[in-house]
Amino acid sequence: MDCQIADIIIIGGGLLGTSAAYHLARRHAGRIMLFERMDIASQTSSRAACLLTRARTKKVLMDIVQETYDTIGRIEDELGESLDLQQTGSITIASSDSSLHTVETLEKAALDYGIPVERIDTESVKRYLPWIEQVAVREAIYMPTDAFIDSAQLCNGYAKAARLRGVTIRPRTAVKEVLVSENSVKGVLLDSGEKIYAPVVVDAAGAWSNLLSFPLGIGLPMTPVRSHFWITESNPELFPSHQPFAVLPDAKAFTRPDVGGLIIGLREPECVSYAPDTLTASIEHMDFTPDNGWAILSACADGFAAYFPQIRHTGIAHYVAGPSCYVPDAMFVIGPVQQLKGFYALTGCCGAGVAAGGGMGRLIAEQILGEETFVDATPFSPSRFGEINPFDSDFQNSCALARSHKKSG
Ligand SMILES: Cc1cc2nc3c(=O)[nH]c(=O)nc-3n(C[C@H](O)[C@H](O)[C@H](O)COP(=O)(O)OP(=O)(O)OC[C@H]3O[C@@H](n4cnc5c(N)ncnc54)[C@H](O)[C@@H]3O)c2cc1C
């Protein structure tokens, strides 16, 4: 059987794996091979709502998102093509005391960081978002530099730029297991029986990451949690395509324009988690919600109807669901795994891999190469929870709670 040698192997061709490949190649990290068992950008990374929300409550997260914006600009220059970033801006709306606090916290975080932000009155909100019920708006902030981007196009952009810098990308190639010798990684065994040897292996297998690490005795602290959104039928007058995306913390909802329709994301009070071994290899074959999300939509619609009463009479054209990997503390999982030399985790996107993927890829590249990291990596350490069992239902519930409590975009 064939055997090859690489310096770094990356498992997973989603936003996180391809971003890591690009950042490593940019740093001349040697022979880099990326294996993706389906097609590049075909799994969770093709199902995102695609928001690149800049303002976060933690500065380290804003640094990481800023790096994604910078990476997008750099890749566009390198490829000589646009990745079609849509800078529509965002509007976050407070309707209650508690969401007013959320909005004020985000406003302060944005101001401190230097992100343009302004308070806007209800008339202006209505001008930007023609569908909104003005009386529901108590306070609103507008952030003109927020944007969204087609997540599959972004992922393919990372992959293309990585390939241009010499990364070998092998789609339709599944990794069967990570090879280990004593306490170090040795490489990977492919489904085909081929062995590839490398001293560094990055587990960026998204919702499936634990299926590769757990047989090595390593539980990564994250669980796939169902995320979803609905897309209305087209109504370009109500939903013009240049309108800002909106974040509605009181309804645990967000919206963004989508070619004449409106994407509506709603977070149910109790989000659903999945044991990693219950996921099919391709999410195309996963039945996330048997009734296409209708029961959830009608259960959550009351909160959203305060902003858009016509929701009950508006046609829904599509329902999109997928697994996002949540972590109990809502921070990512990035870095070396202490128990196994050369094994790195890049997962636990907490529903933010589009916004944060560019920065997450840079951080892991710097860690692998022993460079000074552009942000403090400690909050993302894979071992920060001690030993965990990702198949334990209490642990899975604690991850689902991180999504249930999320109020941001
Ligand atoms: C409905 C929804 C809405 C979202 N909205 C947003 C948003 O608005 N903004 C935002 O920032 N984020 C959003 N996200 C999150 C974002 O999509 C994810 O953070 C991102 O796609 C995660 O990328 P990934 O590379 O970790 O996972 P994936 O894209 O799933 O990539 C992992 C890859 O690993 C491969 N793989 C697995 N096992 C193996 C193996 N053994 N061998 C080889 N390959 C393997 C898989 O085939 C897969 O392609 C959303 C997610 C969902 C589901």
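Hydrogens, waters and symmetry mates play no part in the numbers below; they use all other heavy atoms, side chains included. Counting convention: from 1, in listed order, for ligands and their atoms alike.
Comparing heavy-atom distances from atom 33 (C) of ligand 1 across Glu177, Glu36, Gln43, Lys176 singles out Glu36 as nearest. Around atom 22 (C) of ligand 1, the closest heavy atom drawn from Ser45, Gly14, Gly351 belongs to Ser45.
At least one N or O atom of Thr44 sits closer than 3.5 Å to an N or O atom of ligand 1. For ligand 1, one of its N or O atoms has an N or O atom of Leu51 under 3.5 Å away. Between Leu16 and ligand 1, an N or O atom pair is found at a separation short of 3.5 Å. Checked against a 3.5 angstrom limit, the closest N/O atoms of Leu212 and ligand 1 fall outside it. The shortest N or O to N or O distance between Phe229 and ligand 1 is not below 3.5 Å. Considering backbone and side-chain atoms together, Thr173 places no N or O closer than 3.5 Å to any N or O of ligand 1.
Residue Phe35 has at least one heavy-atom neighbour below 4.0 Å for each of these atoms of ligand 1: 43 (C), 44 (N). If you number the atoms of ligand 1 from 1 as listed, the ones under 4.0 Å from a heavy atom of Ala49 come out as 3 (C), 4 (C), 5 (N), 6 (C), 8 (O). Taking every non-hydrogen atom of Cys349 and a distance limit under 4.0 Å, the qualifying atoms of ligand 1 come out as 18 (C), 19 (O). Within ligand 1, the atoms closer than 4.0 Å to a non-hydrogen atom of His228 are 1 (C), numbered from 1 in the order shown. Atoms of ligand 1 lying under 4.0 Å from any heavy atom of Ala355, numbered from 1 in the order shown and given with element: 10 (C), 11 (O). Counting the atoms of ligand 1 from 1 in the order shown, those under 4.0 Å from a heavy atom of Gly322 are 53 (C). Against a heavy-atom cut-off of under 4.0 Å, Ser227 is close to the following atoms of ligand 1: 1 (C), 2 (C), 52 (C), 53 (C). With ligand atoms numbered from 1 in the order given, ligand 1 contributes 20 (C), 21 (O), 23 (O), 25 (O) to contacts under 4.0 Å with heavy atoms of Leu15.
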Does the salt bridge (charged side-chain N to carboxylate O under 4.0 Å, His left out) test come out yes or no for Glu78 and Arg165, once each step is laid out? CA-CA 10 Å; Glu78 290 179 20; Arg165 288 178 173 273; 3.0 Å; yes
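For the 3.5 Å distance criterion, the side chains of Ser324 and Arg403 fail to qualify, holding no donor opposite an acceptor. For the residue pair Arg54/Thr145, the side-chain donor-acceptor check at 3.5 Å is satisfied. Side-chain contact annotation: Asp70 with Gln66, donor-acceptor N/O pair under 3.5 Å present. For the residue pair Trp208 and Gln43, no side-chain donor N or O sits within less than 3.5 Å of a side-chain acceptor on the partner. Defined by atom type and a distance below 3.5 Å, a donor-acceptor pair is missing between the side-chain atoms of Thr223 and Tyr326. Side-chain polar atoms of Arg47 and Thr44 form no donor-acceptor pair below 3.5 angstrom. For Ser282 and Thr280, the side-chain atoms include no donor-acceptor pair closer than 3.5 Å. For the residue pair Ser99/Ser96, the side-chain donor-acceptor check at 3.5 Å is satisfied.
A heavy-atom separation below 4.0 Å is found between Cys50 and ligand 1. Ligand 1 lies less than 4.0 angstrom from a heavy atom belonging to Ala352. Taking 4.0 Å as the cut-off, Ala207 does not count as a neighbour of ligand 1 on heavy-atom distance. For Thr347, the closest heavy-atom approach to ligand 1 does not fall below 4.0 Å.
Only the side chain of Ile11 comes within contact range of ligand 1, with a heavy atom under 4.0 Å; no backbone atom does. Contacts between Ala281 and ligand 1, counted as non-hydrogen atom pairs separated by less than 4.0 Å, are absent for every part of the residue. Proximity of Ala321 to ligand 1, defined as any heavy-atom pair under 4.0 Å, is not found for any part of the residue.
Aromatic ring orientation, Phe304 versus Tyr307: tilted (interplanar angle from 30° to 60°). The aromatic rings of Trp131 and Phe308 stand perpendicular to each other, their planes meeting at an angle above 60°, with 30° marking the opposite boundary. Under the 30°/60° scheme for interplanar angles, the aromatic rings of Tyr22 and Tyr158 are found to lie parallel.
Of all heavy-atom pairs between Leu52 and Tyr69, the closest is O-OH, 2.7 Å.
No more than 12 heavy atoms of other residues, nucleotides or ligands shown are found within 6.0 angstrom of NZ on Lys341.
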